[in-house]
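Here is how names work: the chains are called A, B, and so on, in the same order as the sequence lines, proteins then strands, and each is numbered from 1.
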2 protein chains.
Amino acid sequence: MNTKQRLIDGVLAVIREQGITAVSARSVAAAAGANQALIFYHFGNLEELIAQTCVQTTEVRVAAHRPRFAEVRSLAELLALGREIHEAERAEGNLAVLAQTLAGAQGGGRLAEATREALGKWTTEVESTLMRVLSGSPLTEFTDPAGLARATSAGFLGLTLFEAVDAEGGEQALGALAQLAALADVLESLGPVATKALRAKLRSAAKSRAT
Amino acid sequence: MNTKQRLIDGVLAVIREQGITAVSARSVAAAAGANQALIFYHFGNLEELIAQTCVQTTEVRVAAHRPRFAEVRSLAELLALGREIHEAERAEGNLAVLAQTLAGAQGGGRLAEATREALGKWTTEVESTLMRVLSGSPLTEFTDPAGLARATSAGFLGLTLFEAVDAEGGEQALGALAQLAALADVLESLGPVATKALRAKLRSAAKSRAT
DNA sequence: GTCTATAGTAGGATAGAC
DNA sequence: GTCTATCCTACTATAGAC
């Protein structure tokens with residue numbers, strides 16, 4: 001395999017096992033089984049390597065799950081898929097990489113740009129799925145797919161960091177999301193009469209909030 | 001003011017402005033206007049200083065908001081309070097400190113212990129509020145306050161990291177949460193007939209999932 | 001408790017042989 | 001493209017004067 005990819009995998013390994021604070025040219029090179037100087041030959045500097053790792057692996061993982069997004073037909077299914085993706089990616093630490101890079105991007109710079117791009121790959125996928133799923137739901141006119149997509153993406157990333165520190169608590173949190181999914185399911189499967197009633201309630205609530 | 005506190009404030013300042021990766025004995029000492037050697041005199045090592053900063057400031061901030069939690073009377077109000085706290089703490093970067101420390105805790109060690117403790121301070125507050133608020137709601141028997149508390153805490157932390165990189169997206173996400181709050185409000189204010197119907201729906205849905 | 005000075009280490013990055 | 005060797009900087013941590 002070529003060296004560029006080995007170095008990217010090295011970043012992945014270090015972040016997965018020790019977090020962003022442990023990433024250094026030396027630690028990455030060691031994990032990649034490559035010479036330290038090659039990082040600078042191939043990427044110019046360490047930050048650029050991390051940035052490309054973040055964007056590239058996110059691109060790959062989102063693409064891998066894209067067919068599944070297309071199958072989603074309800075809010076409940078979307079939440080279930082989120083949970084499934086979360087668990088599937090846990091072993092390889094791909095979400096952890098994004099979360100850790102996001103944390104490292106606090107100071108702006110190249111990493112901020114890279115994480116923004118990577119986050120966009122997830123949110124656009126979720127957003128388009130939400131738009132498709134919500135059309136026809138009683139919730140359509142009261143929800144903002146763009147905002148919801150960003151909130152759920154941010155939420156799953158927070159959860160990824162959380163469970164690294166408190167695995168049991170992370171499980172509990174995921175369980176609570178399953179309950180929310182069930183609730184969403186029920187709301188979507190209401191009969192036309194109940195749907196109309198709910199819609200009226202939401203509308204009047206929205207109106208009273210506007211005043 | 002005494003030096004220990006100045007150093008803690010120094011950590012706060014560095015994390016707020018540059019993130020956990022920029023934290024070093026030198027950068028913290030500079031931000032605190034103190035001598036670098038004092039970190040080791042007062043805390044033994046840098047990690048311990050970060051850990052104590054995380055726990056102490058979280059304790060203070062949670063205590064400051066405790067009266068507000070006690071006033072909460074609905075899910076909608078709780079979500080609104082979450083948003084309010086999130087915005088209030090943004091300027092001082094107190095949530096960012098927890099989020100960044102959490103990211104730095106990936107490798108275990110003292111930081112993991114500290115963040116676990118700090119997270120617990122938030123989740124116990126949210127959890128007890130949830131238990132109080134949910135009693136009497138049609139959702140009571142279908143929600144787990146412990147899991148929900150951890151999910152929301154993790155969610156807000158994820159959002160804190162997110163908005164540091166994409167401020168506009170963060171605003172959108174917060175807006176979506178306000179919509180969820182409105183939805184929760186409506187569900188709670190349903191009449192007894194509708195409540196009974198919803199409960200039955202949820203129950204049968206739970207049953208069909210169990211098979 | 002606070003300072004200066006410094007030891008010892010790990011880090012980013014480059015030069016130049018192959 | 002890859003390696004060795006190395007420069008220089010920044011880091012953690014300690015010793016010892018005040």
Enquirer: Looking at B:Lys121 and B:Glu125, is there a salt bridge between them, counting it only when a charged N and a carboxylate O are closer than 4.0 Å?
Expert: no
Enquirer: Quick check: closest heavy atoms across A:Arg6 and A:Ala32, and the distance to 0.1 Å?
Expert: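 In this case the closest contact between A:Arg6 and A:Ala32 is NE-O, 3.1 Å.
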Enquirer: Does CZ belonging to B:Arg66 count more than 12 external heavy atoms closer than 6.0 Å?
Expert: yes
Enquirer: Please report the shortest heavy-atom distance between B:Cys54 and B:Ala114, naming the atom on each side.
Expert: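 In this case the closest contact between B:Cys54 and B:Ala114 is SG-O, 4.3 Å.
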Enquirer: As a test of understanding, state which of B:Glu47, B:Glu117, B:Glu48 forms a salt bridge (charged side-chain N to carboxylate O under 4.0 Å, His left out) with B:Arg110.
Expert: B:Glu48
Enquirer: What is the distance, to the nearest angstrom, from the CZ atom on A:Arg26 to the P atom on D:dA10?
Expert: 15 Å
Enquirer: Residues in side chain to side chain contact (heavy atoms under 4.5 Å, CB included) with B:Ala70, at least two apart?
Expert: none
Enquirer: When you list every nucleotide of DNA chain C with an atom under 4.0 Å from a heavy atom of chain A, which one comes first 5' to 3', and which comes last?
Expert: C:dG11 to C:dT14
Enquirer: For residues 23-66 of chain B, which residue pairs qualify under ring pair (Phe, Tyr, Trp, His ring centres under 6.0 Å), counting only residues two or more places apart or in two chains?
Expert: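 Not a single pair qualifies under ring pair (Phe, Tyr, Trp, His ring centres under 6.0 Å).
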Enquirer: Between A:Thr3 and B:Ala25, who's closer to the 5' end of DNA chain D by nearest nucleotide?
Expert: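 The answer here is A:Thr3.
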Enquirer: Check the surroundings of atom CD in B:Glu71: do more than 12 heavy atoms from other residues, nucleotides or ligands lie under 6.0 Å from it?
Expert: yes
Enquirer: For residues 34-48 of chain A, which residues have at least one heavy atom under 4.0 Å from DNA chain D?
Expert: A:Asn35, A:Ala37, A:Leu38, A:Tyr41, A:His42
Enquirer: For A:Ala105 versus B:Val165, what's the shortest heavy-atom pair and its separation?
Expert: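 Closest approach of A:Ala105 to B:Val165, heavy atoms only: CB-CG2, 3.8 Å.
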Enquirer: Show which side-chain atoms of residues 144-159 of chain B pair as donor or acceptor with protein atoms under 3.5 Å away, not counting sequence neighbours.
Expert:
| residue | atom | partner | partner atom | Å |
| --- | --- | --- | --- | --- |
| B:Asp144 | OD1 | B:Ala146 | N | 3.3 |
| B:Asp144 | OD2 | B:Gly147 | N | 3.1 |
| B:Arg150 | NE | A:Gln172 | OE1 | 3.2 |
| B:Arg150 | NH1 | B:Glu127 | OE1 | 3.4 |
| B:Arg150 | NH1 | B:Ala146 | O | 2.9 |
| B:Thr152 | OG1 | B:Leu148 | O | 3.1 |
| B:Thr152 | OG1 | B:Ala149 | O | 2.9 |
| B:Ser153 | OG | B:Ala149 | O | 2.9 |

Enquirer: Using both pair distances under 3.5 Å as the test, note the stems of at least 3 consecutive Watson-Crick or G-U pairs that include DNA chain D.
Expert: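 The stems that DNA chain D takes part in, listed by first number, are C:1-18 with D:1-18.
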